[in-house]
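What follows is one structure encoded as structure tokens, with my remarks underneath.
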Amino acid sequence: MTDKFDKTPAGSPAGQVSVSKGATPAPENIKAIPVRHVGRWISGVVVIGLLIALGYAFSQGNIQWHAVGDKLFDSTVVAGAGRTLLISVLAMVLGVVLGVVLAVMRLSKNPVTSWVAWLYIWFFRGTPVYVQLLLWFNLALIFPVLNIPFIYKDEMTDVMTPFMCALLGLALNEAAYMAEICRAGIQSVDEGQTEASHALGMTQGRTMRRVVLPQALRVIIPPTGNEFINMLKTSSLVYAVTYNELLRSTSQIGSTSYAVMEMLFVASIWYIVMTSVFSVGQYYLERRYARGSLRSLPLTPLQRVKANLAAFSNRPSGGASA
């Protein structure tokens, strides 16, 4: 025989039932109390204070801010920015093409081509870009004449112009890094794709062009955008080979007008603008090529703003009803 337990709520009179039988009692309203993060507020105040101090220091420094505004769109500066874009685009295109070739050579079963590609990557990744630019610029010291029998012959100083030195120095160095990016992209494709292509009678080259590389683009293209943004900044090193790009253009104006720091600020603004524009393009490029690996794409910044505005406008004005 089992004991009967009293199911009457504690504190209520015996025999008094507050809720009818079979009815579910209404839950009490929960009052959420957010956790206070004192450390966040303190760190925020400290950071804002440091930014204010930094801004005040620059405002009190001996800086001719009007010169920055006057020279920002100077014809010499704009032309230098255009040459920076030109050398960056050409060097990047050449680096990507040569990088794909080197990646295929590196993965080849031919030991000669594989080792040649490895030595190329080893050398150009192991030496600074600045040193490589100076090597091309001073190439006439060891080869006074460029002589290709029955094809071309000319003085090396006429061949290695500042533009050619800058293009070769940036492109050949970039090719070493692009080769590793392309190799990673090619190896990300499942080997079954290659085996299926060979089973259909496709050659090795056709399999690479028609099957492997199109699938590898999802891995190759996003870091390639990052490499191009880095190329925009690395192009400032061609100042050493007297190529008249953005940094050299602004430095020449600064040396004649005695506004050295002001012109460096102008160059920095142009670099920031160019890299910011291409960073936006890189974001949307990565988002596009992520469609094959993500079930749902992340919201773009504009979509996030719209979603936050919609959530804010749909928020009820009063509290929750009991």
Kindly determine whether Val212 and Gln193 satisfy side-chain contact (heavy atoms from CB on, under 4.5 Å), including the steps that lead there. CA-CA 7 Å; Val212 177; Gln193 301 287 326; 5.6 Å; no
Distance-minimising heavy-atom pair for Ala216 and Val189: N-CG2, 3.8 Å
For Ser249 and Asn244, which heavy atoms make the closest approach, and how far apart are they? OG-OD1, 3.3 Å
Tell me whether Leu264 is reachable from Ile272 by hopping between hydrophobic residues (I, L, V, M, F, W, Y) whose side-chain heavy atoms are closer than 4.5 Å. no
Looking at Gln64, is its backbone amide N or carbonyl O close enough to the side chain of Glu262 to form a donor-acceptor pair, meaning the two atoms are under 3.5 Å apart? yes
Gln132 side chain vs Thr127 backbone, donor-acceptor pair below 3.5 Å: yes
Could you tell me which non-hydrogen atom of Leu94 sits nearest to which non-hydrogen atom of Ala171, and how far apart they are? CD2-CB, 3.5 Å
Hey, could you give me the CZ/CD1 distance between Phe123 and Ile121, rounded to the nearest 0.5 Å? 13.5 Å
Point-to-point distance, once rounded to the nearest 0.5 Å, from CZ of Arg125 to CG of Asn173: 10.0 Å
Tell me, with the steps shown, if Ile253 and Val266 meet side-chain contact (heavy atoms from CB on, under 4.5 Å). CA-CA 11 Å; Ile253 297 176; Val266 170; over 6 Å; no
Under a single-linkage rule joining Ile, Leu, Val, Met, Phe, Trp and Tyr whose side-chain heavy atoms are separated by less than 4.5 Å, which residues share a cluster with Met202? Val211
Could you tell me which non-hydrogen atom of Leu102 sits nearest to which non-hydrogen atom of Ala179, and how far apart they are? CB-CB, 3.7 Å
Taking all non-hydrogen atoms of both residues into account, name the closest pair between Ala240 and Leu134 and its distance. CB-CD2, 4.2 Å
Taking the side chain as everything from C-beta on, heavy atoms only, tell me whether Val145 gets closer than 4.5 Å to Met156. no
List the atom pairs, with distances to 0.1 Å, where a side-chain N or O of residues 109-117 and a protein N or O form a donor-acceptor pair under 3.5 Å, not counting sequence neighbours.
residue	atom	partner	partner atom	Å
Asn110	OD1	Val112	N	3.0
Thr113	OG1	Ser108	OG	3.4
Thr113	OG1	Asn110	O	3.1
Ser114	OG	Arg106	O	3.2

Treat each ILVMFWY residue as a node, draw an edge where side-chain heavy atoms are under 4.5 Å apart, and state whether Ile229 and Leu247 are in one component. yes
Can any side-chain N or O of Glu227 pair as donor or acceptor with the backbone N or O of Tyr177 at less than 3.5 Å? no
Tell me whether Thr194 contacts the main-chain N or O of Asp190 through its side chain, where contact means a donor paired with an acceptor under 3.5 Å. no
Any side-chain to backbone donor/acceptor pair from Ser251 onto Arg248? Under 3.5 Å, distance only. no
Do Val77 and Leu72 touch side chain to side chain, with heavy atoms closer than 4.5 Å? no
Same cluster or not: are Leu135 and Tyr120 linked, directly or through other Ile, Leu, Val, Met, Phe, Trp or Tyr residues, by side-chain heavy atoms under 4.5 angstrom apart? no
Qualifying side-chain hydrogen bond (donor to acceptor under 3.5 Å, both in side chains) pairs, either residue in residues 152-164, two or more places apart: Tyr152-Asp154
Rounded to the nearest 0.5 Å, what's the gap from CG on Leu167 to OG on Ser235? Could you check? 12.5 Å
Within the structure provided, determine whether Val219 and Ile186 are in side-chain contact (heavy-atom separation under 4.5 Å). no
Nearest atoms (heavy-atom pairs only) where Gly169 meets Val129: O-CG1, 4.4 Å
Taken to the nearest 0.5 Å, the spacing of Leu50 CG from Leu54 CG works out to 8.5 Å
May I ask you to test the Met178-Leu98 pair for a side-chain heavy-atom distance under 4.5 Å? no
Indicate the ring-plane relationship of Phe58 and Trp65, choosing parallel, tilted or perpendicular according to the 30° and 60° boundaries. tilted
Can you list the steps and then say if Val89 with Met231 is a side-chain contact (heavy atoms from CB on, under 4.5 Å)? CA-CA 9 Å; Val89 171; Met231 176 69 73; over 6 Å; no
Trp270 side chain to Phe73 backbone, donor-acceptor under 3.5 Å: no
Looking at Glu191, I want to see if its CD is surrounded by more than 12 non-hydrogen atoms of other residues, nucleotides or ligands under 6.0 Å. no
Can you pull the salt bridge (charged side-chain N to carboxylate O under 4.0 Å, His left out) pairs that have at least one residue in residues 267-284, sequence neighbours excluded? none
Exam field: side chain Thr84 to backbone Leu246, donor-acceptor pair closer than 3.5 Å: yes
Going through the checks in order, is the side-chain contact (heavy atoms from CB on, under 4.5 Å) test met by Tyr239 and Tyr243? CA-CA 6 Å; Tyr239 181 101; Tyr243 182 66; over 6 Å; no
Ile87 with Phe137, same ILVMFWY side-chain cluster at under 4.5 Å: yes
Are Met92 and Thr224 side-chain neighbours, meaning at least one heavy-atom pair lies under 4.5 Å? yes
Hey, could you give me the CD/OG distance between Glu174 and Ser88, rounded to the nearest 0.5 Å? 10.0 Å
Would a 4.5 Å heavy-atom cut-off, applied to side chains only, mark Tyr130 and Val241 as touching? no
Could you label the plane-to-plane angle of the Phe278 and Phe228 rings as parallel, tilted or perpendicular, counting under 30° as parallel and over 60° as perpendicular? perpendicular
Tell me, please, which residues at least two apart from Arg183 pass salt bridge (Lys or Arg N to Asp or Glu O under 4.0 Å). Glu180
Given the rule that I, L, V, M, F, W and Y join up when any side-chain heavy atoms are under 4.5 Å apart, are Val238 and Trp136 in one cluster? no
Tell me, do Val78 and Ser75 make a side-chain contact under 4.5 Å, heavy atoms counted? no
Check whether any side-chain heavy atom of Cys165 lies under 4.5 Å from a side-chain heavy atom of Leu133, and answer yes or no. no
Which ILVMFWY residues can you reach from Ile52 by hopping between side chains whose heavy atoms are under 4.5 Å apart? Ile48
If you round to the nearest 0.5 Å, how far is OG1 of Thr275 from CG of Leu232? 7.0 Å
